[in-house]
Engineer: 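One structure coming up, written as C-alpha cells, with questions to follow.
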Amino acid sequence: MATVIELPVETYKGAVDPDWCPGCGDFGVLRSVQEAAGRLGIKPENLFVVSGIGCSSNLPGFIHAYGIHSLHGRAVPVATGAHLANTDMKTVITGGDGDGYGIGVGHLLHAMRRNLDVTYVVMDNQIYGLTTGQTSPTTTKGHKTKSTPQGNIESPLNPLALAITSGATYVARGFSGEPKHLVDTIAGGMAHKGFALIDVFSPCVTYNKINTYPWFKERVYKLEEQNWDPSDFYKSIEKSYEWGDTIPLGVLYKTEMPTYEDGEPNLQKGALVKAKLGADKNVFKELVEEMI
Amino acid sequence: MATVIELPVETYKGAVDPDWCPGCGDFGVLRSVQEAAGRLGIKPENLFVVSGIGCSSNLPGFIHAYGIHSLHGRAVPVATGAHLANTDMKTVITGGDGDGYGIGVGHLLHAMRRNLDVTYVVMDNQIYGLTTGQTSPTTTKGHKTKSTPQGNIESPLNPLALAITSGATYVARGFSGEPKHLVDTIAGGMAHKGFALIDVFSPCVTYNKINTYPWFKERVYKLEEQNWDPSDFYKSIEKSYEWGDTIPLGVLYKTEMPTYEDGEPNLQKGALVKAKLGADKNVFKELVEEMI
Amino acid sequence: MHEVTIGIAGAAGDGLDKSGDTLARSCGRLGLYVYAYNSYQSIIRGGHIWLKVRIGEEKVYCHGDQLNVLVALNQDSIERHAGEVHQGGAIVFNGDRIKCDPSLVREGVQVLALPINDITKDLKEKYGPIKPIMQNTIAIGAVAYLAGIGLEEPSKVLNDTFAHKGQEVIDLNIGLLTAGYEYAKANAKVVADGWTFSKKRRPFVTGNEAIALAAYAAGCKFYSAYPMTPASTILHWMAANQTKTGILVKQCEDELSVINMAIGAGIAGVRSMCGTAGGGFALMTEAVGMAGIMEVPVICVEVQRGGPSTGLPTKTEQADLWQVYGASQGEFPRLIVAPRDIADAYDSTVEAFNLADKYQLPVLMISDLLLSEHPETVDPEAFPAEVKIDRGEIVEKWDESQGKYKRFKFTESGVSPRAIPGTPNTLYTHASDDHDEESILISDMFTAPPVRRKIMEKRQRKMVNMLKELKAPVLEGPADADVTLVCWGSTSGVVKEAAERMTAQGTKTNFLVIKYIAPFHTKEVTEILSKAKKKISVEVNFTSVMARFIRMETGIAMDGHVNRYDGEPLEPQGVIDSVKEILEGKQKDLDVSEAEAKEMVYHYLRTHSLEKLRPVKLTQEAANGKGEPTWNVEIAERVTGKPGATMVIGTKTGTTHSFTKAE
Amino acid sequence: MHEVTIGIAGAAGDGLDKSGDTLARSCGRLGLYVYAYNSYQSIIRGGHIWLKVRIGEEKVYCHGDQLNVLVALNQDSIERHAGEVHQGGAIVFNGDRIKCDPSLVREGVQVLALPINDITKDLKEKYGPIKPIMQNTIAIGAVAYLAGIGLEEPSKVLNDTFAHKGQEVIDLNIGLLTAGYEYAKANAKVVADGWTFSKKRRPFVTGNEAIALAAYAAGCKFYSAYPMTPASTILHWMAANQTKTGILVKQCEDELSVINMAIGAGIAGVRSMCGTAGGGFALMTEAVGMAGIMEVPVICVEVQRGGPSTGLPTKTEQADLWQVYGASQGEFPRLIVAPRDIADAYDSTVEAFNLADKYQLPVLMISDLLLSEHPETVDPEAFPAEVKIDRGEIVEKWDESQGKYKRFKFTESGVSPRAIPGTPNTLYTHASDDHDEESILISDMFTAPPVRRKIMEKRQRKMVNMLKELKAPVLEGPADADVTLVCWGSTSGVVKEAAERMTAQGTKTNFLVIKYIAPFHTKEVTEILSKAKKKISVEVNFTSVMARFIRMETGIAMDGHVNRYDGEPLEPQGVIDSVKEILEGKQKDLDVSEAEAKEMVYHYLRTHSLEKLRPVKLTQEAANGKGEPTWNVEIAERVTGKPGATMVIGTKTGTTHSFTKAE
Ligand SMILES: Cc1ncc(C[n+]2csc(CCOP(=O)(O)OP(=O)(O)O)c2C)c(N)n1
Ligand SMILES: Cc1ncc(C[n+]2csc(CCOP(=O)(O)OP(=O)(O)O)c2C)c(N)n1
Ligand code: SF4
Ligand code: SF4
Ligand SMILES: [Mg+2]
Ligand SMILES: [Mg+2]
C-alpha cells in the first residue's frame, strides 16, 4: 500500500456555498467528510459523493468531487451502480434520515447484507427538513410535527441495530457538535473495507425543537473513551439500544468480512469502466453456436 | 370476552384447489392458517387474507375469506389500509420470502415498528418460486440459482432478528413439515395483539434442492420443548442467529406493547367503515371560518 | 375594473407569507376579491421569495401582470423588482437598512423609505426590541393605507392571528401596523381607494385546502400521503384537522405505501384518498392499474410541479399529463380529471368520490402547483357543507338462496354490484391477476380467451357509460370569436383574462378549458374545434401536452402554441403578446433577450460569489467567431462603479462563452 | 410455400419445450426456417401449454394458423386441439394412456396412437423404466418421420443436448427417438417431405436472447434486473454467460434498485442496461426522468405482457405504449424504440447503446412477450460479432487552462461533451434538480428563468437532432395498395403474412411498421398515411394505442382497427377476416360465438371441479327475460353421456346466467 499523502480540506471546497439554515448540523458533517477525505488522501476526482433528496442530500453540490444528487430514497442503488462500475473510485453516500431510513430503507438493508464496500453517512435530524418538518422514521414517539400534530404514534427505528443485524461491518455514530470525533469516525468508515454506516446527529435547528444541540450535548459520550470493544456482535446490538440520559458516540461495531466486490467474478480483473468494449470474437462465436 | 366458538377447517375451503406443485410446502401453510382461524373462531367474512405476488402469494385465492391478492411486495401496505379501514376484521398477510423480505422489506420494517395489529405468515422457501428459481433474500450464500449460476454471493438476511429489532411483538418460526406446531404458532400470532411475524420453512420442491424437507427435518427442534422464555429481547435476538446443525422453531420473542391502533385517535370510536359519511355541519363551518 | 396589486419580496424565512396573509384576509373580510401567488424557492432560508397579492372589487382570476405597490424586505428585492412598479404606484421598505437607487424607479412612483427606528420608538420602549420579522407588520400598515383598505380590518385579522399568543403580542402587532399606516398617511398618497366594501366575508383558500375540505364533506375517512411539494399542504391540513374531521391521516414510509394503503382502505369500503406530486406519483403508477383491475374506488391527487425529475420543486408546470394518462401497464378504466380553479377543485373532489364509487375505479385528479398552493378568495357558497353522496350499487345483504355472489358479474353497464368485505355470503378475492366473474384467476391454469375478452369489455364499458354523465366542455366568451384559446388546469384563469382583454382590444377571443381527460368528450370537442377559426393552445410546458392530447382524441391540430417553461406561471399580457405573434405568423423567437441576458449575468454572479459586481451595459455582437451572435456584457463593481469583468453570452444557446475578470 | 406446423400440447412440467427445441434445432441445422410460439400459463406445473413449431423452406414470420401435426401429451390436449389438425395431418399421442375420440378428428387426419409400452420394451430392459418426460422423445421421433426431416439431425441435437449427462443418457434418448421414428414409418404416411435442406446452420433464438447477445457485442458491462416474466430470460442468459462476457450481472431487491443501479453505472461511464416487464417498469418510471435530466446514457428494456396489473403474466399484449411514453413526470429527451423481430432486436440494441451515448439520454426499448420469448431461426449474418461502437463526444482530458469544464454546456446540438467521472479537472455534480451549464442547481436559491429556459431547450434539441439520423419507416408491399395495415412490434410478422396473403388473394395490401416512437417521423408517416387508401391498425390490445399515438403525431385517424385482447397473439387468417369485415363496413361483432360459449363452459367446469362433465349441445335463445340473447348449453357426463347440467350464458355480456345441475 502506498503511503497516504494527506490533502488539505480546501481541496474539496465546492463550487457554491451551502444554503442550509445558519446553524444546521449539516455544515459540520460536510466539513467532516471533507477532512476525512483529505486525511485519507483521496483525490477529488477519485471520489463519488452520492445522495438522495433532502436538505442533507444537497451535500454533493457543496463538495468538490464527482457528485450524484439523485432521487429521494435512491442514493444507495445509484451509488451501488456507480461504485460497481468504477471500483477505482471511493464512494461515499450522504443523506438524511428520511431518505435513508424511510423511503430508502429497503435498499439500505440489502446493500448492508451485501457488505458493499461503500461508506454511508446519514445526517440524522429526526425530522423531514426540506419538506418543512414532518415526522421521520427516527422521530421520537410523541413528537408533534406538521404531519403528527397530536404527537407521533410510531416507534422510531434503531438504525444502528438495523445495520449490525443486517450485515454492515462498520457501524458508528457521530454528532455534528463533536467535529473532531466525527472526522475520526467518518475517516474510519471510509478506510474500512466493507459497508460502513455512520449515523450522525445533525440537528435541524428550524424544525426539530426537541433534539437540539444542547439536548445531545447533555447526553452523548464517546465509546472510544470507555475502551469499548466493537468486535462483539451481540454486545454491540445491546449497546445500540442505549438511549436516554446517556447516548454513545463512536464505533459500536466493526468486523472484517469478505465484501460483495470480493465475491463478484467480474470485478477480479479491475474496474469495469476500464475494460475493453465489444465482444471477443471467439466467445461470441461460442455463444452463437450454443443457439444452433 | 365472548367464549370462542371453534369452526371446522372446511369453513375456509376455497373455491378452487391450489395449483401448487405436488409436495409444495405451501399446502401445509394454507391448511395451518385455516385451522388457526377455525381454532380462534374467526368467521370467514371477518377475515382478510392479503398477499402480494408469488406462488405462496396465491394463497388468498385458495381460502374462503375476503382475499386480497395484490402486487408483488405490496401486501403489507394494502393490508395496512384494509385493516385500518375495518378494524373489526382480522387481517392476516401471507406471502413469500421474495415478496416480504426482498421487494417488500421496507414496508415490513415500517409496519413492524408501528406494531400494527396484524399477522404476517411468510412462506420462506429461500427461492423465487413463481419466476422459476432465482435467488431470494434468504437464499443461502453459495447457492447456485438461475440468476446466480456461480453461486449466490450475498449473505441472507435474518428475518427473525430483523423483526425483533424492528419492533414486532410476536416473532416466531414454523415449518410446513410440522403441521401441528405450525397451527399453534400461527394461531398464537393471530391471537396476539400487535404485529406477529411468522417465518415458515415452506420448501419449494421444484427449485430449491438444498433446503428440502429432509434438510429441515434433520435440523429443526421446538423451542417450546426446551422451555424457551420468549420475553428476553436480547436473548431472543441471539437465538435468532442459531442456524446450522440445529434450527429452532416456535415463538422466539413475544411482548405486550401498545399497538398503532391504540395510539390512533380516529380508531377509538370503532371501525372507520362503520362511521357516518359526510361532514358535521358545525365542524365544517368552523373549518371554513378558519380560512376567513 | 377596480383593482390593485401588491408585491412583497424578500428572502425565505423573512415571514413574508404571514404578511401577505394579513393583507389578503383583511380584503377578503371586507368583501374584496384576492388572488395571491407566491414565487418561492425550495430552500428553507435565504432563497428569494416574491409574493404577489392582487386585489379587486370584482373577482380576479389570476395574479395578473400589474404591480402597484412593492414591499421590499431586502436590498436584492429592490434591485429585482423596483422597476416593475407602475406609474402611480409606490415602493415601501425599511429605510434604515435598504437603499433605493432612483435610477431603478419609473417616473411617477413614490418611494417610501420607512424610518423604522424612529417610528417604533414608543413601541420599543413598551415592548422591548422589535424582531426583524415583526417589521413586516409596519410595512403592511403602510400598504393598508396605500391600498385604501383602512386600519380596522387588518387590526382585527392580527387580533385573530395572535389570539393564542396573548394580548401583549396582539397589542404590539397592532401598534406596528398603526405606526406604518400613520407614517404612510403622513408621507404618501394613496395608490388605490374608493372601494365599495360589500363586507361579504369570503374564505381565502388554496386549491389544496379546497380538495381537503371537499374530501371531508364527501365522507372521506382515510388519507395517506408522503410529504412532497406541492401536495404536502393537503397532508398538513388533513393532519391539523384530523380530530375534527375523523379522517384517519397516515404519513407513510414512501409513495408506494401511500397508494397501496389507500387502495387497501378502498377495498375495505371506506372512501379513501391520497395525494402527491409528480415524482411521488411516478412511484404510484403500478398500483393504479391494480385498482383498475380490482375495480376499487380510490382517489389520487397528482399535483404537478416543475420537472423533469426533482426539477424545480417550487415552480409551477403542466407537464405530467402523459405520466398520469400512462400510469400503469395495460388498459383499464379510470377517470382523469383536472380541476381548473379552487371552486372547481372542491366540486371535482366531491364528484371524484361519487364517480369512483359508482364506477368502481380509481380517479386521478391532476392539479398543478399554481392551483394547489396559491390562495384566493372564494365565495362561501362554493363550499357547501352538505354534498351529494352516491356510493353506487352496493350489495347490503346476500342470501345463499340468491346463488353465488359474483363480485365481477358481467353486466351491460360494466358495473358489478359491490359487496363490502365483512358482508356474509359474498366472499371473494380481489386479484391483480385477471379473473372471471367470480374472481377466479384466469391467468394461471385456467386461461380461457373468451372469458378474458368479456371481462376486458365489461371493464371498458364503464368508460363509455361514465362519459355520458360528465359535463362536456363549452366555449367561454364570444361564440363568433376569431381566436379560440385552449387550456387546462390553473392556466384557465390567465387565459380567461387574456381572452377578455383581447376581445376588449378588438380581437374577439373565446376559450375552451379541458377538464375531463379520460374519458374524453371527443364528439363535443371535435365539434367546437372544427368550427374554431384560429386555435391556440396555452400551457405551462414545452411540448404542448394538452394540444397533443386533443389531437390524439380528435385529430385536430392547433394553429399555434403558447408555452412557458422557465418556472414561472403565464401572465395575461405574455399570453396576449404570444398569441398576437402567432396571428401575425411570426416564428417564435427563442433568442436571449437583453433583459434575460442581464438576468443570466446576475445568475452567474450569484452562483460564483461575485455579488459585489453587477451588469451595467449589454451590447449585441453579430459576428465574433463564437458560432452565434452574443451579448457582450460590461460588469462593474457595485459600490465603486469600476470595471469588474466582462462576460459574453450566446444569444442562441445562452451559453457563457467567457467570463473575464478585469485586471 | 413449403411448410409444416407441428403443435405440442400438454401440461406445465411435461418438458414439452425441450421436445420442441430438439425439433426446431434439428430443422435449423438442416437449413429450414422455424418459428415457434409457446402459449403457456404462469403456474409451474399443471397449466396447459401449447407449443406451435412452424417450419418452412422459406423464412416464416409468425406461427401462422395451420396445424399439420398434433402431439398431445395428455387427454385434455386431445380434446382442445384434435379438431384443429388440417386434412392430411396427423395426431400423435401415447396410446397407452390417452384416447382420441374419432368424432373430434377431421376427415383425412391420421391418428397415431403410439404403443409406448410395446415399442420401448428393449430400451427398458437395457436402461430401466423410462421417465414420463422422456416419452416426449418418442413422439418427437414420430414427428421427425411425419415432418420428413429424418433421424440424423435430431439424433445429433440430442447428442449435443445430453453431452454433459454422459453416453448412456444420449444412447437412451436416441433410442427413444428412433423407436418413435420407426413406429411412425411403419404405421403412418409422411405429412411433409421433399424438403431441400440448404444445411445453412441457423441459430434458433428468442428476442430476449438477441437483445442480450447484442448488448454483449455493443460493449455492455452492467446488467441489472429483477426477475419478471417475460423479461427474465434476459437475466438468465446474462447470468449463465457472465464469466464469458465479463458483464456484471446484478439481481436487485426490486425494480427501483434495478434502474437506479443501471443509471449509477451509466453515470460512472460503463454501458449499462436493465430489463423488466410492464409491472416492473411502472416502478422504474421515476428514475427514467432522472436519467433524462442528468443526461445519462442507459438502456431499459420493457417487455409487455397481458395486463392490466399482474394481468396475464404469460400472455402477449401491446398495451404499455402510454406507460413507456408517459414514464416519469415532466419533459425530457429519450429514445423510445420498439423492435419488430429478432434480427431487428439485435440491431436495435446495438443502436440503442450508440444513441444513448451519443445523445446522452435513456433509451427505452419496448418489446412484447411474443417477440421476447418465441424463438425463431435467424440468419447468422444478422448477429455480427463486430458492431459499430460510438461513445459520442467524450472529454478524455481537460486542462485548467481551458477554463472551467461545463458538463451541461449549452450547445447548438444539445449535446454537451461528457467527461467520465475519474477524469481530473472536470468535476461536476449529476443533479436531478434542474441546473445550469456548470451543474449548479437552479431549483434552489438561484432560480433564473432564462437559464431554465435555455437548459430546457438544449435538452429538447437532442430530440430534433436524433430524429435526423433515425431511419424513417417505409411502406412494405405494393405501393399502389388498396389497404395499408399499420402495426408495431412482433405483430409485424403476422401483418406481413396477412398482407401478402391478401395481395395474393386479390386485395392489394401493404403495411407500415412503426419502430421509433420518440422522436417520431411525423413528416414521413404523415406523407405515407395521407396517401394510403384504407388505413387499418393491427394491434394486440383493446384501445389501439399505436393508432392513437399516430393520430397524435400526424392528426391522421385509421379507417379501422383490428384488435385482439384475449391473451392470444394475432394470426394471419384472423387479421385477414377482420380486415375484410372492416372493408365491408361491418360493425365488429362482440357477441359470444358458439365456439367461445363452449370454451366458457369448459372454463366453468374446470374452475368448479366438474371435469367429469362436458358440453354437448349449445342452442341460442333470443327472448328469455335475461335482458339479452343467451346460449343454452346442455352438459353431459363425460363417461356415461347422461345429462349432467344445463348452463345459460349471455350472448352479449358473457355472464353465466345460471348453472343448474341435473337432478
Ligand atoms: C419520491 C419523492 N417523494 C417525496 C419527496 C419530497 N421530499 C424531499 S426531501 C424529503 C424528506 C427529507 O428528509 P430527510 O431525508 O430526513 O432530509 P433532511 O431534509 O431532513 O435533511 C421529502 C419527503 C421527493 N423528493 N421524492
Ligand atoms: C413489480 C414486480 N416485479 C416482479 C414480479 C415477478 N415476480 C412474481 S413472483 C416473484 C418472486 C416470488 O418469490 P417469493 O415471494 O419468494 O414467492 P414464491 O414464489 O417463492 O412463493 C417475482 C419476482 C412481479 N410480479 N412484480
Ligand atoms: S431546515 Fe433543518 S435540516 Fe434543513 S437546512 Fe434548515 S436546519 Fe438544516
Ligand atoms: S415452484 Fe416451488 S414454491 Fe412454487 S408451487 Fe412449485 S414447489 Fe411450490
Ligand atoms: Mg432528516
Ligand atoms: Mg420464495
Side-chain angles (χ1 to χ4, degrees), chain C residues 41-43 46-47 278-279 282-283 285-286 289-290 292-293 307-312 319-320 322-323 325-326 328-332 410 432-434 440 443-454 456 542-543 548 551-552 555 557 565-568 596 599-600 603 606-607 653-655, chain D residues 41-43 46-47 278-279 282-283 285-286 289-290 292-293 307-312 319-320 322-323 325-326 328-332 409-410 432-434 440 443-454 456 542-543 548 551-552 555 557 565-568 596 599-600 603 607 653-655:
Chain C
Q41 270 98 24
S42 75
I43 61 154
L283 296 174
T285 62
E286 190 194 9
M290 172 169 78
I293 200 167
S309 201
T310 310
L312 300 174
D320 295 357
W322 295 115
Q323 157 157 298
Y325 186 74
S328 211
Q329 71 276 16
E331 297 157 302
F332 54 92
F410 297 163
S432 68
D433 280 77
D434 216 347
I440 297 174
S443 56
D444 277 349
M445 74 169 123
F446 314 121
T447 312
V451 175
R452 156 67 176 191
R453 179 162 87 75
K454 282 297 161 189
M456 194 75 172
F542 185 89
T543 57
R548 289 168 67 78
R551 183 155 64 164
M552 173 172 87
Y565 45 84
D566 65 359
E568 296 304 315
E596 286 183 319
E599 186 143 7
M600 288 175 130
H603 171 77
R606 283 188 195 108
T607 53
T653 63
T655 191
Chain D
Q41 270 98 26
S42 74
I43 61 154
L283 295 174
T285 61
E286 191 195 8
M290 173 169 77
I293 199 167
S309 201
T310 310
L312 301 174
D320 294 357
W322 296 115
Q323 157 159 298
Y325 185 73
S328 211
Q329 71 278 15
E331 297 157 303
F332 55 92
K409 189 170 163 45
F410 296 163
S432 69
D433 281 76
D434 216 345
I440 297 173
S443 57
D444 277 349
M445 72 171 124
F446 314 120
T447 313
V451 175
R452 156 69 174 188
R453 178 162 88 74
K454 282 297 161 190
M456 193 77 172
F542 185 89
T543 56
R548 289 167 69 76
R551 183 154 63 164
M552 174 171 87
Y565 45 84
D566 65 359
E568 295 304 316
E596 287 184 319
E599 186 144 7
M600 287 175 129
H603 171 78
T607 53
T653 63
T655 190

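Keep in mind the model is a prediction, meaning the values are calculated, not measured. Within every chain, numbering begins at 1; the chains are lettered A, B, ... in the order of the sequence lines, protein sequences first and strands thereafter.
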Engineer: Return the option, out of D/Ser328, D/Gly279, D/Ser432, with the maximum number of heavy-atom pairs under 4.5 Å with chain C.
Structural biologist: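 Most pairs with chain C among the choices: D/Ser432.
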
Engineer: Rounded to the nearest 0.5 Å, how far apart are OG of C/Ser309 and CG of D/Asp433?
Structural biologist: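 That separation rounds to 8.0 Å.
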
Engineer: Any idea which of C/Ala557, C/Gly555, C/Gly289 has the most non-hydrogen atom pairs under 4.5 angstrom with chain D?
Structural biologist: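 Going by pairs under 4.5 Å, I would pick C/Gly555.
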
Engineer: With chain D, which of C/Gly311, C/Gly307, C/Gly278, C/Gly654 has the greatest number of heavy-atom pairs at distances under 4.5 Å?
Structural biologist: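 Most heavy-atom pairs within the cutoff with chain D belong to C/Gly311.
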
Engineer: Where is the tightest heavy-atom contact between D/Phe332 and C/Pro308, given as atom of each residue plus distance?
Structural biologist: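 For D/Phe332 versus C/Pro308, the nearest heavy atoms are CD2-CB, 3.6 Å.
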
Engineer: Atom CH2 in C/Trp322, atom CE in D/Met552: separation rounded to 0.5 Å?
Structural biologist: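 The CH2 atom of C/Trp322 sits 4.5 Å away from the CE atom of D/Met552.
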
Engineer: Give the minimum heavy-atom separation between D/Arg548 and C/Tyr325, together with the two atoms involved.
Structural biologist: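 Here D/Arg548 and C/Tyr325 meet closest at NH2-OH, 2.8 Å.
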
Engineer: Evaluate the side-chain proximity of D/Lys454 to C/Thr653: yes if any heavy-atom separation is below 4.5 Å, no if none is.
Structural biologist: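 No, their side chains stay 4.5 Å or more apart.
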
Engineer: If you tally heavy-atom pairs under 4.5 Å against chain C, which of D/Ile293, D/Thr285, D/Thr655 wins?
Structural biologist: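 Top count of heavy-atom pairs under 4.5 Å with chain C: D/Thr655.
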
Engineer: Which bit of D/Glu568 comes within less than 4.5 Å of chain C, counting heavy atoms only: side chain, backbone, both or neither?
Structural biologist: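 Side chain only.
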
Engineer: Can you measure from CE (C/Met456) to OG1 (D/Thr543) and round to the nearest 0.5 angstrom?
Structural biologist: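 The CE atom of C/Met456 sits 7.5 Å away from the OG1 atom of D/Thr543.
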
Engineer: Tell me, for C/Glu331 versus chain D, whether the close heavy atoms (under 4.5 Å) come from the side chain, the backbone, both or neither.
Structural biologist: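 Backbone plus side chain of C/Glu331, per the 4.5 Å heavy-atom cut-off to chain D.
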
Engineer: Working to the nearest 0.5 angstrom, can you tell me the gap between D/Thr310 OG1 and C/Asp434 CG?
Structural biologist: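 Rounded to the nearest 0.5 Å, the OG1-CG separation comes out at 10.0 Å.
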
Engineer: Quick check: closest heavy atoms across D/Gln329 and C/Gln323, and the distance to 0.1 Å?
Structural biologist: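 So the two residues come closest at N-OE1, 2.8 Å.
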
Engineer: Check whether any side-chain N or O of C/Arg452 sits under 3.5 Å from a backbone N or O of D/Asp566 as a donor-acceptor pair, and report yes or no.
Structural biologist: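 Flag not set: sc C/Arg452 to bb D/Asp566 has no pair under 3.5 Å.
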
Engineer: Report the option among D/Gly567, D/Ala282, D/Gly292 that has the most heavy-atom pairs separated by less than 4.5 Å from atoms of chain C.
Structural biologist: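 Top option by heavy-atom pairs under 4.5 Å: D/Ala282.
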
